[in-house]
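First comes the structure, then the notes that go with it.
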Amino acid sequence: MVAMLDKLATERRNERTMRLDDMTIEEFLLVMNEEDQTIPHIIKEELSAIAEVTKCAIGSFKQGGRLIYLGAGTSGRLGILDAAECVPTFGVSSDMVVGLIAGGERALIKAVEGAEDSKDLAINDLKALHLSEKDTVVGIAASGRTPYVIGGLDYAREVGATTAALSCNKGSTISDHAEYKIEVETGPEVLTGSTRLKAGTAQKLVLNMISTASMIGIGKVYQNLMVDVQPTNEKLEVRAKRMIAEATGVDEQTAARYFDSSGGHVKTAIVMILADVPHAEAVERLERANGFVRDAL
């Protein structure tokens with residue numbers, strides 16, 4: 001096991017921080033910042049792979065399937081974070097993008113010993129979701145070798161779901177257990193083996209891409225506005241009204257009036273204004289356009 005870890009780029013020692021304990025705070029922060037700046041450039045090399053996985057997620061959504069993230073520790077927490085943010089941002093149900101973590105909810109705040117080493121736990125978690133061939137499962141592991149993720153990906157393939165692996169090492173083990181692979185090799189951490197740092201940042205950036213691009217692909221965005229946002233509090237209601245004004249060019253008072261007459265539905269209000277149609281027709285147009293505002297105009 002030790003020999004296997006030694007071969008991983010994420011486990012090697014960073015030559016720039018061999019005297020980490022002897023650096024000033026300013027010196028350390030400068031090195032850490034410079035190391036972090038390498039991440040977007042590394043991700044750029046994987047954009048084609050990220051695009052393929054995104055297309056799979058869009059395909060799943062269009063047939064009533066889900067995007068499911070699967071990981072342990074930091075990787076699992078990042079998947080859950082990305083999934084949770086899709087609900088308020090894009091107005092989707094909480095079961096459309098799902099995050100699973102080895103050890104369940106209690107693992108979000110405290111390590112659950114041995115959970116990441118169990119393939120069966122992942123199988124049970126996916127069975128509890130009634131995984132189907134319509135779903136896309138993305139296994140996330142910085143090391144690329146987490147048994148929980150491997151077990152989940154293998155089960156997902158048995159079911160017929162689309163599978164993808166996101167790791168931070170080239171030639172990772174989990175890549176061999178998925179149809180699609182995203183390998184963002186972030187290299188040695190400033191603190192050896194602490195993959196919540198560069199590897200975690202890289203994973204967060206990739207998940208941002210997949211979820212945002214896939215939501216754009218199913219009509220959750222108009223221009224660069226999150227027009228399916230749910231105005232569940234005062235801040236979001238103000239944002240919704242501002243989006244109506246920005247998308248249509250009307251003043252704030254007019255936007256507020258259409259916000260109310262549309263039942264607080266930003267997309268409907270925009271179509272009502274730009275197509276100059278009543279509420280019922282705007283709703284009908286959006287239904288025919290599968291939620292794409294531009295196609296409803």
Side-chain angles (χ1 to χ4, degrees), residues 1-2 4-5 8-11 53 57 60 66-87 94-132 135-159 161-169 172-184 186 189 191 193-208 210-211:
M1 182 66 71
V2 174
M4 288 177 63
L5 288 177
L8 302 178
T10 50
E11 295 294 328
V53 175
S60 287
R66 299 161 294 182
L67 171 60
I68 300 170
Y69 297 134
L70 186 76
T74 298
S75 298
R77 295 183 188 102
L78 289 170
I80 289 174
L81 173 62
D82 195 67
E85 291 292 346
C86 286
V87 177
S94 59
D95 60 357
M96 187 169 170
V97 183
V98 181
L100 294 176
I101 184 171
E105 288 187 7
R106 62 194 178 114
L108 284 170
I109 57 175
K110 187 176 181 180
V112 177
E113 296 300 328
E116 73 173 60
D117 295 327
S118 173
K119 294 181 179 181
D120 290 338
L121 276 181
I123 295 171
N124 292 337
D125 288 344
L126 290 172
K127 284 182 176 179
L129 289 179
H130 303 291
L131 186 72
S132 80
D135 299 320
T136 293
V137 177
V138 179
I140 313 167
S143 66
R145 52 165 298 281
T146 306
Y148 177 83
V149 174
I150 293 171
L153 289 173
D154 286 346
Y155 175 71
R157 295 188 75 172
E158 286 179 21
V159 171
T162 302
T163 55
L166 168 58
S167 66
C168 295
N169 284 285
S172 72
T173 302
I174 64 171
S175 292
D176 295 333
H177 294 260
E179 298 165 75
Y180 300 91
K181 64 179 181 180
I182 302 170
E183 296 179 337
V184 184
T186 49
E189 299 285 0
L191 181 62
S194 184
T195 51
R196 69 185 180 87
L197 301 177
K198 287 195 299 183
T201 299
Q203 290 172 332
K204 180 65 170 70
L205 291 176
V206 172
L207 296 180
N208 284 349
I210 294 172
S211 59

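All residue numbers in this chain count up from 1 along the given sequence.
Shortest non-hydrogen contact noted between Val97 and Cys86 is CG2-SG, 4.0 Å. The shortest heavy-atom contact between Ala165 and Ala178 is N-CB, 3.7 Å. The two residues Val53 and Ala164 make their nearest non-hydrogen contact at CG2-CB, 3.7 Å. Between Tyr69 and Ile210, the shortest heavy-atom contact is OH-CG2, 4.2 Å.
Atom CZ of Arg157 has more than 12 neighbouring heavy atoms from other residues, nucleotides or ligands inside a 6.0 Å radius. Crowding of Lys181 atom NZ: a count of heavy atoms from other residues, nucleotides or ligands under 6.0 Å not exceeding 12.
Ala199 is linked by a side chain to side chain contact (heavy atoms under 4.5 Å, CB included) to Ala142, Cys168, Thr186, Glu189, Thr195, counting only residues two or more places apart in sequence or in another chain. With sequence neighbours excluded, the residues that form a side chain to side chain contact (heavy atoms under 4.5 Å, CB included) with Ile150 are Lys119, Asp154, Thr173, Ile174, His177. Every residue meeting the side chain to side chain contact (heavy atoms under 4.5 Å, CB included) condition with Asp117, not counting sequence neighbours, appears here in chain and number order: Pro147. Listed by chain and residue number, Ser118, Ile123 satisfy the side chain to side chain contact (heavy atoms under 4.5 Å, CB included) test with Asp120 (two or more places apart in sequence, or in another chain).
At least one donor-acceptor pair under 3.5 Å links the side chain of Thr163 to the backbone N or O of Glu179. Between the side chain of Arg66 and the backbone N or O of Leu129 there is at least one donor-acceptor pair closer than 3.5 Å.
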Scan the side chains in residues 98-109 for donor-acceptor partners under 3.5 Å anywhere in the protein, sequence neighbours excluded, and list what turns up.
none

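Residues Asn169 and Glu11 have side chains not in contact (no heavy-atom distance under 4.5 Å, counting atoms from C-beta outward).
With rounding to the nearest 0.5 angstrom, the CE atom of Met96 is 9.0 Å from the CG atom of Leu67. How far CG of Leu197 is from OG1 of Thr10: 11.5 Å, rounded to the nearest 0.5 Å. Taken from CG in Leu131 to CD in Glu158, the straight-line distance is 10.5 Å, to the nearest 0.5 Å. Here the CG atom belonging to Leu126 is positioned 11.0 Å from the OG atom belonging to Ser132, to the nearest 0.5 angstrom.
Counting only residues at least two apart or on different chains, the side chain to side chain donor-acceptor pair (under 3.5 Å) pairs with a member in residues 70-80 are Ser75-Gln203.
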Verdict with reasoning, Leu70 to Tyr155, per side-chain contact (heavy atoms from CB on, under 4.5 Å): CA-CA 12 Å; Leu70 186 76; Tyr155 175 71; over 6 Å; no
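When the options Val149, Thr146, Leu207, Val206 are evaluated for a side-chain contact (heavy atoms from CB on, under 4.5 Å) with Ile140, the one that passes is Leu207.
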